[in-house]
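Everything on this sheet refers to the single structure shown next.
Treat the numbers as computed from the prediction; the structure is a model and nothing was measured.
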Amino acid sequence: PERQDNDTYYFKSYSHHGIHETMLKDTVRTQSYREAIQKAGLEGKVVLDVGSGSGVLSMFAAKAGAAQVVGVDRSGIVEQARSIVKLNRLEEKVVLVQGKMEEVSLPVDKVDVIVSEWMGYCLLYESMLPSVLAARDKYLRPGGLLLPSRCTMLVQGVGDFEGKLGWWGNVYGLDMSPLRASVLAEPGVEAVDPQAIITDAFVFKDFDLYTVQDRELDFEADFSLTVGAGAATPTAGAAAAVAARPLRGLVVSFDTFFEGLSGGQSVMFSTRPEEKDTHWHQTLFWLTEAPEEGLGEGDVVKGTLR
């Protein structure tokens with residue numbers, strides 16, 4: 001059979017209702033967007049929704065008073081989204097266009113607001129942000145609003161939680177530890193136990209969506225983590241126990257900010273292990289050569305993320 005290119009595979013996956021159900025049921029994600037849209041002062045504004053999917057953000061914007069909303073999505077979900085828009089009697093305000101953001105022709109020359117839920121695992125995994133930046137450069141009026149406006153990436157140090165590494169040594173009474181090498185070699189999307197975090201959090205990347213350029217999404221960033229400084233520990237005795245654990249891996253998460261809303265308001269949500277879990281969870285990078293000795297409280301771990 002003919003091999004699909006990455007774009008075809010990606011957009012086809014977003015035609016299935018299951019992925020949209022997962023996102024819609026993520027209350028941290030969806031309610032944060034709704035709150036930001038409601039506080040954005042959209043009355044009479046023209047809004048562009050990049051990657052509109054099921055149309056939920058476009059409809060939130062229409063209900064918040066936008067004069068016109070244009071949603072753009074390449075996947076086949078657009079046909080169902082149009083039916084949903086009509087069912088909710090918003091077809092006079094919401095227009096959905098199927099196609100790639102970089103290639104479509106919009107029924108407007110400029111927009112006042114761009115909203116997009118572009119974030120993927122480890123923030124950048126889906127590589128959708130360049131489409132948002134292209135829309136920003138081509139369609140956003142000077143002084144226009146971006147929702148979200150900023151995202152930060154954070155790293156924390158973690159021990160072996162729930163015996164995820166040791167588990168392979170006794171699988172129904174069998175030693176299957178050779179498979180552990182494969183586990184160590186790949187990043188995993190995990191809901192990391194906050195009690196396993198043994199360091200503070202370090203912001204290693206801060207993306208201002210108004211100014212960031214596509215080329216800046218390939219980067220190298222140094223980090224410095226202090227053991228025990230930010231571990232989720234209820235007592236001083238527990239802090240000492242956590243500090244003695246070996247460092248097994250690095251956990252990457254992100255925070256999302258909606259700034260510059262009406263009246264100087266702002267909204268944010270976080271995907272850190274300590275916060276309510278989202279469908280993004282966290283991204284876990286096991287250390288293939290983790291030191292066996294425990295790290296003491298106040299020890300510093302330095303490295304580079306690329």
Side-chain angles (χ1 to χ4, degrees), residues 19 22-23 26 28-29 118-129 151-171 176-207 217-233 238 241-256 269-295 299-306:
I19 195 167
T22 297
M23 293 187 292
D26 184 340
V28 173
R29 162 201 181 266
W118 53 264
M119 299 85 76
Y121 298 128
C122 205
L123 185 64
L124 300 175
Y125 175 71
E126 293 185 30
S127 298
M128 183 180 162
L129 181 53
C151 287
T152 58
M153 299 181 74
L154 310 99
V155 62
Q156 295 166 281
V158 68
D160 180 11
F161 63 101
E162 299 176 0
K164 285 186 176 289
L165 296 182
W167 181 82
W168 293 99
N170 184 1
V171 182
M176 303 185 73
S177 53
L179 288 175
R180 188 161 47 200
S182 299
V183 175
L184 291 171
E186 294 184 0
V189 176
E190 301 271 1
V192 176
D193 182 356
Q195 296 295 328
I197 299 297
I198 66 170
T199 74
D200 59 357
F202 186 92
V203 177
F204 64 89
K205 203 66 182 173
D206 190 333
F207 293 110
L217 306 184
D218 292 319
F219 63 86
E220 186 174 294
D222 296 331
F223 65 86
S224 178
L225 301 173
T226 303
V227 174
T233 52
V242 171
R245 293 185 197 169
L247 178 70
R248 294 299 189 193
L250 300 174
V251 176
V252 174
S253 58
F254 62 88
D255 292 347
T256 300
F269 69 85
S270 176
T271 66
R272 302 186 194 201
E274 299 87 351
E275 303 298 331
K276 183 178 178 180
D277 195 33
T278 71
H279 78 282
W280 289 288
H281 306 302
Q282 295 85 41
T283 304
L284 176 62
F285 299 90
W286 293 113
L287 299 177
T288 55
E289 298 180 3
E292 287 300 320
E293 65 275 9
L295 298 173
D299 283 348
V300 176
V301 178
K302 295 185 177 182
T304 302
L305 285 159
R306 181 180 300 110

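- A distance of 12.0 Å separates CZ of Arg248 from OG1 of Thr288, quoted to the nearest 0.5 Å.
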* Audit row: Leu123, Phe207, side-chain contact (heavy atoms from CB on, under 4.5 Å) steps and yes/no -> CA-CA 11 Å; Leu123 185 64; Phe207 293 110; 3.9 Å; yes

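- For the pair Lys205 and Phe219, the cation-pi criterion (under 6.0 Å, within 45° of the ring axis) is fulfilled.
- Put simply, the side chain of Ser270 does not reach to within 4.5 Å of the side chain of Lys276, judged on heavy atoms.
- Between Leu305 atom CG and Phe204 atom CZ the span is 5.0 Å, to the nearest 0.5 Å.
- Between Cys151 and Thr256 the shortest heavy-atom distance is SG-OG1, 3.7 Å.
- Heavy atoms from other residues, nucleotides or ligands lying under 6.0 Å from CD of Glu220 number more than 12.
- For the atom pair CZ (Phe269) and CD (Glu275), the distance works out to 11.5 Å, reported to the nearest 0.5 Å.
- With a 4.5 Å cut-off on side-chain heavy atoms, His279 and Thr22 count as touching.
- Using a 4.5 Å cut-off on side-chain heavy atoms (C-beta onward), Leu247 and Leu287 make contact.
- Closest approach of Trp286 and Val183 over heavy atoms only: CD1-O, 3.6 Å.
- Pro187 and Thr283 make their closest contact through CB-CG2, 4.1 Å (heavy atoms, listed as atom of the first residue, atom of the second, distance).
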* To do: I would like to know whether Thr152 and Asp206 meet side chain to side chain donor-acceptor pair (under 3.5 Å); could you show each step before the answer?
  => CA-CA 4 Å; Thr152 58; Asp206 190 333; over 6 Å; no

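- Checked against Gln156 for a side-chain contact (heavy atoms from CB on, under 4.5 Å), the options Leu250, Val252, Ile197, Asp200 give a single hit: Ile197.
- Annotation: the span from Arg272 atom CZ to Gln282 atom CD amounts to 11.0 Å, rounded to 0.5 Å.
- Taking CG of Leu154 as the start and CG of Asp255 as the end, the distance is 5.0 Å to the nearest 0.5 Å.
- Minimum interatomic distance between Phe254 and Gly120 (heavy atoms only, all atoms of both residues): CE2-O, 3.7 Å.
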* Carefully, step by step, assess Ser177 and Trp167 under the rule side-chain contact (heavy atoms from CB on, under 4.5 Å). => CA-CA 8 Å; Ser177 53; Trp167 181 82; over 6 Å; no

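- Closest non-hydrogen pair, Asp193 versus Gln195, comes out as OD1-N, 2.9 Å.
- With rounding to the nearest 0.5 Å, the separation of CG in Asp277 from CD in Glu190 is 11.0 Å.
- Here the closest heavy-atom approach between residue Leu124 and residue Trp118 is recorded as CD2-CZ3, 4.3 Å.
- Ring to ring, Tyr125 and Trp280 are not that close: their centroids are 6.0 angstrom or more apart.
- In terms of modelled atom types and a separation under 3.5 Å, the side chain of Thr199 and the main chain of Gly157 share a donor-acceptor contact.
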* Apply side-chain contact (heavy atoms from CB on, under 4.5 Å) to Val158 and Leu284, showing your working. => CA-CA 9 Å; Val158 68; Leu284 176 62; 3.6 Å; yes

* Can Asp299 and Thr226 be said to form a side-chain contact (heavy atoms from CB on, under 4.5 Å), step by step? -> CA-CA 6 Å; Asp299 283 348; Thr226 303; over 6 Å; no

